[in-house]
Amino acid sequence: MDLRVEGLTHRYGETRVLDDISLEIPAGRIVCVVGPSGCGKSTLLRMLGGLERPERGQVLQVGAPPEGCLNPLTYVFQDFALLPWRDVAGNVRLALEDHRLPDREAIIDDVLARTRLSEFARALPRQLSGGMKQRVAIARALAVRPAVMLMDEPLSALDAQTRELLMDDLIGLWIRERFTAVYVTHNLAEAVRLGHRVVVLSRRPGRVREIVEIDAPLQGRGAMEDVQAHLWGLMRDEARAADAELLT
Amino acid sequence: MTDTLQTGRAVSRPPDHTGPRPVPFRGGGFRPTTNRWAGALVFVLIVAFVEIGLRAGWISKLTLPLPSDVFATFVQLYESGLLWKHLIPSLTRFVVGATLGALAGIGVGTLIGLFGLARAGLVPLVAALFPVPKIALLPLFVIWFGIGEGSKYALIALGTFTPMVVATYGAVDNVDRTLIRMGQSFGLSWGSIVRKIVLPGAMPGILSGLRIGLAIAIILLVAAEMLGAQYGIGAYILEAGSLYDLERLFAGVVILSVLGVATSAVVAWVERRVLRWRS
């Protein structure tokens with residue numbers, strides 16, 4: 001299943017946050033969205049998954065979601081959004097409980113194994129490190145077999161070393177099973193490591209500034225400094241202007 | 001002695017004249033520490049002070065009863081079987097009234113937390129009801145529910161209800177919105193979100209409201225029993241008070257204190273079990 005964004009425009013009160021965004025998210029690829037802070041990246045992502053209604057424009061699902069898909073558009077949040085009163089397995093189970101499934105526990109075991117969390121199934125979130133919590137959230141997202149994963153700065157709350165490890169994990173998961181994802185980040189290194197396509201948004205109101213295709217296969221990608229430099233060149237002045245702006 | 005002197009001098013001396021010395025410790029303190037014996041010790045000391053003071057004569061015998069006499073009265077009460085005759089009706093009223101009030105309070109509080117219309121309509125009502133001393137409404141309840149148990153249940157329930165409503169809707173308001181959005185993003189039904197995310201997330205606030213609600217329930221229990229009951233701890237205390245029988249009065253007060261401590265211990269136990277996921 002592909003996602004198509006057509007002419008998405010949105011305003012919060014008087015402030016324009018998104019201006020005529022059109023995008024194509026092809027199945028089986030990771031599309032990274034980067035842009036200076038306050039450019040409406042997160043708003044865009046919320047609209048992609050139907051958590052917020054755009055003022056104008058629309059988000060279209062093209063084609064049917066794959067067989068056995070329980071929740072076509074599934075989020076991975078920056079702050080993990082785990083229920084602190086449920087253990088790891090219980091948090092994954094939450095996403096499955098509203099569906100009639102014969103093999104619920106088998107699905108849980110499978111996704112916990114894929115995210116290497118099997119031995120922590122009974123642990124509570126407060127016992128886990130940030131990286132582990134995010135792996136639980138990824139396991140929970142995988143459990144519902146999403147057509148598109150919507151990842152809102154999933155590694156931003158983690159320290160640099162954990163971030164490296166989790167990027168490797170994500171690449172490993174993608175190679176095993178080519179999931180589709182929209183990956184919002186402000187970190188260019190993440191964007192060039194994980195993205196098949198990098199969408200650069202401009203400062204508020206967010207417009208598509210440029211779409212950079214990266215053809216190199218995900219496995220064995222280096223830092224791709226030239227691409228990073230190019231992206232940074234697109235963003236630098238606007239990032240500086242955004243930084244100097246008063247918050248409303 | 002010499003130690004403190006030396007440290008004192010070392011600190012005041014200019015640093016470049018001395019050799020290496022340990023950095024003085026400045027942290028520590030400002031942390032709640034637990035000591036389960038201190039509370040009991042304070043209690044024992046006060047009782048011992050009163051007992052000794054009365055026996056030695058530097059506290060007038062008119063001011064307080066001898067703690068040992070109060071204890072003897074209590075034993076007598078127990079042996080005569082009157083203790084249960086008073087305690088069981090009181091406990092029944094407390095349990096029935098507080099349960100009704102707490103459940104209704106949690107229900108209404110959740111509605112207020114979830115629906116704007118309920119909030120707009122009910123919050124002013126609860127605010128108007130909260131400061132009313134509920135005991136003033138007892139005659140009304142007697143008319144509505146009769147002189148028997150019904151009016152007492154209603155009074156205790158109303159007393160528990162108001163703090164529970166306020167605590168519950170405050171707690172529902174404070175449930176992490178990102179968790180609710182997560183539930184929506186996974187397509188959970190409305191009922192699932194309320195049962196699995198909102199109510200567990202509000203549980204810490206609900207339980208601290210329950211502490212207040214149950215304390216108020218005990219106060220109203222006694223008040224209701226003083227105004228019209230043959231048996232019950234309130235009736236027992238009222239009777240003792242009207243006869244100026246201080247030993248029995250104090251025995252009744254001790255029973256109430258124990259009831260309060262026991263209630264608080266039960267809530268603490270529930271908190272430890274239900275809120276194990278915290279800290």
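To find a chain, count down the sequence lines: A is the first, B the second, and so on, and within it residues start at 1. If you're wondering where the values come from, they're calculated on a predicted model, not measured in any experiment.
Heavy atoms closer than 4.5 Å to chain B are found in the backbone of A/Leu82, but not in its side chain. Residue contact with chain B, scored on non-hydrogen atoms closer than 4.5 Å, is absent for A/Leu70. Using a 4.5 Å cut-off between heavy atoms, A/Arg140 touches chain B through backbone and side chain atoms alike. Contacts of B/Ile197 with chain A are made by both backbone and side-chain atoms, with heavy-atom separations under 4.5 Å.
Ranked by heavy-atom pairs under 4.5 Å with chain B, the list A/Leu124, A/Leu83, A/Leu150 is led by A/Leu83. Ranking A/Glu97, A/Gln127, A/Arg46 against chain B, the residue ahead of the rest is A/Glu97, based on heavy-atom pairs under 4.5 Å. When each of B/Gly191, B/Gly201, B/Gly183 is checked for heavy-atom pairs under 4.5 Å with chain A, B/Gly201 comes out on top.
Under the 3.5 Å distance criterion, with hydrogens and angles disregarded, no donor-acceptor pair is assigned to the side chains of A/Glu52 and A/Thr43.
Of all heavy-atom pairs between B/Pro200 and B/Arg195, the closest is CD-O, 3.1 Å. When all heavy atoms are compared, the tightest approach of A/Ala64 to A/Met1 is O-CB, 3.6 Å.
Within a 6.0 Å sphere centred on CZ of A/Arg53, heavy atoms belonging to other residues, nucleotides or ligands number 12 at most. The environment of A/Tyr12 atom OH is dense: over 12 non-hydrogen atoms of other residues, nucleotides or ligands sit within 6.0 angstrom.
Using the six-membered ring where Trp is involved, A/Tyr75 and A/Phe77 have ring planes that are parallel, under 30° apart on the 30 and 60° scheme.
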